[in-house]
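Each ligand, and each atom within it, is numbered from 1 in the order the structure gives. Because the structure is a prediction, the values reported are computed rather than measured.
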Amino acid sequence: MKNKQISLASRPTGMPDAATFQFDTVELPALKSGDILVEPTYFSVDPYMRGRMNAGKSYIPPFDVGQPLSGGAVAKVIESQADGFTPGDVVTGSLPWATQSVVSADGLKKIDTNLAPASYYLGILGMPGLTAYFGLLDIGKPKAGETVVVSGAAGAVGILVGQIAKIQGCRVVGIAGSDDKVDMLTESFGFDAVVNYKTSPNLKKSIAEACPDGVDVYFDNVGGEVSDAVIANINFHARIPLCGQIAFYNMTETPVGPRIQPMLLTRSVLMQGFIVGNYSKRFNEGIQQLATWIQEGKLHYTETTLNGFDTLPEALLGLFSGQNTGKMIVEV
Ligand code: NDP
């Protein structure tokens, strides 16, 4: 039996393009004991995948040139040689970018698609949801009445951060890259104010106007000049969960910005980087709480879905030009 797969053709310099990806058709191996044959129905594309295209040490190994890319997916079990898995089960976990794969069942988790739509396990009930939940609550520690600013506000993580901060009783200000996103966040997701960082003539001033009492928590998804402008408005004893730096992922050199240390020092600000995997022992707690808020109607969700396996590269690159609102998903 043959599958179609998408491999890393070469390591990109700067923004990846069509030459970064290679489409192949390969013969599937026979199943060994402990293996399952899976057919993905949904793939998640996430900004961290760009980092995995580079060589070098990080918190997750780089992709190998000539080998399939991989990422979060939901898949149907077609055949099984693994205890506890039977054909027809639906599983989630990290899978190769392939139309079918023979993989070890270790690390894959069965999901119940009667409880929530399958794609939710890649977003609100998956890695992005847990990132928002733990980053905001554990590091940001928002208190009722405080002002929480989140960048990348209309994306998978940001849209949840803003809503969770509202549940905590905070004033929530988002930063996003289009007027449509600004309208969506204020009209449908309860944000108190949203700044369009692409059209604001003076971002520091726009943030000051949106945050008359200053910024108590800044959930940083993007870095760069957006974060410089937020930190210029930071309050005494503020907390900054450092979640992502997407503004830099395609840069070949990191630009030097303002030196923020004096500001952090003199205002007693806590800035802490984190990787969601740090919280793996508490994932069940996070999923339970997120699911409860969905059931209570307190947490809303949106996705941008591209259709067809071949759209995976386009979907991934679309994250870097803001093509998505909410979670970017590929339905195979
Ligand atoms: P998103 O769904 O937010 O997609 C990325 C968004 O980033 C785009 O839609 C775009 O929105 C915005 N963006 C792209 N380029 C830039 C830029 N140069 N400057 C400012 N904004 C930009 O992705 P996720 O929600 O999945 O991830 C958000 C961030 O969180 C990423 O940096 C990611 O790496 C990080 N992350 C970290 C985790 C961790 O464990 N620490 C786990 C998960 C994600 P717009 O139109 O507004 O520009």
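Atom CG of Asp83 has 12 or fewer neighbouring heavy atoms from other residues, nucleotides or ligands inside a 6.0 Å radius.
A donor-acceptor pair is defined here as one N or O able to donate and one able to accept, closer than 3.5 Å; such a pair exists between the side chain of Gln163 and the backbone of Ile159. In this structure, Asp192 contributes its side chain and Val172 its backbone to a donor-acceptor pair below 3.5 Å. Remark: side-chain polar atoms of Thr20 are paired, donor with acceptor, to backbone N or O of Asp17 under 3.5 angstrom.
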What does the N/O contact table under 3.5 Å look like for ligand 1?
from     : atom 1 : to     : atom 2 : distance (Å)
ligand 1 : 2 (O)  : Ala156 : N      : 2.9
ligand 1 : 2 (O)  : Asn324 : ND2    : 2.8
ligand 1 : 4 (O)  : Asn324 : ND2    : 3.4
ligand 1 : 9 (O)  : Asn324 : OD1    : 2.6
ligand 1 : 11 (O) : Lys181 : NZ     : 3.4
ligand 1 : 21 (N) : Tyr197 : OH     : 3.2
ligand 1 : 25 (O) : Ala156 : N      : 3.3
ligand 1 : 25 (O) : Val157 : N      : 2.8
ligand 1 : 30 (O) : Asn221 : OD1    : 3.2
ligand 1 : 32 (O) : Asn221 : O      : 2.8
ligand 1 : 32 (O) : Tyr249 : OH     : 3.1
ligand 1 : 34 (O) : Tyr249 : OH     : 2.7
ligand 1 : 40 (O) : Val276 : N      : 2.7
ligand 1 : 41 (N) : Cys243 : O      : 3.0
ligand 1 : 41 (N) : Phe274 : O      : 2.8
ligand 1 : 46 (O) : Lys181 : NZ     : 2.6
ligand 1 : 47 (O) : Gly177 : N      : 2.8
ligand 1 : 48 (O) : Tyr197 : OH     : 2.5

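Between Tyr120 and Tyr301, the gap from one ring centroid to the other is short of 6.0 Å.
Just one residue in the list Arg239, Arg171, Lys141 forms a salt bridge (Lys or Arg N to Asp or Glu O under 4.0 Å) with Glu146, and that residue is Arg239.
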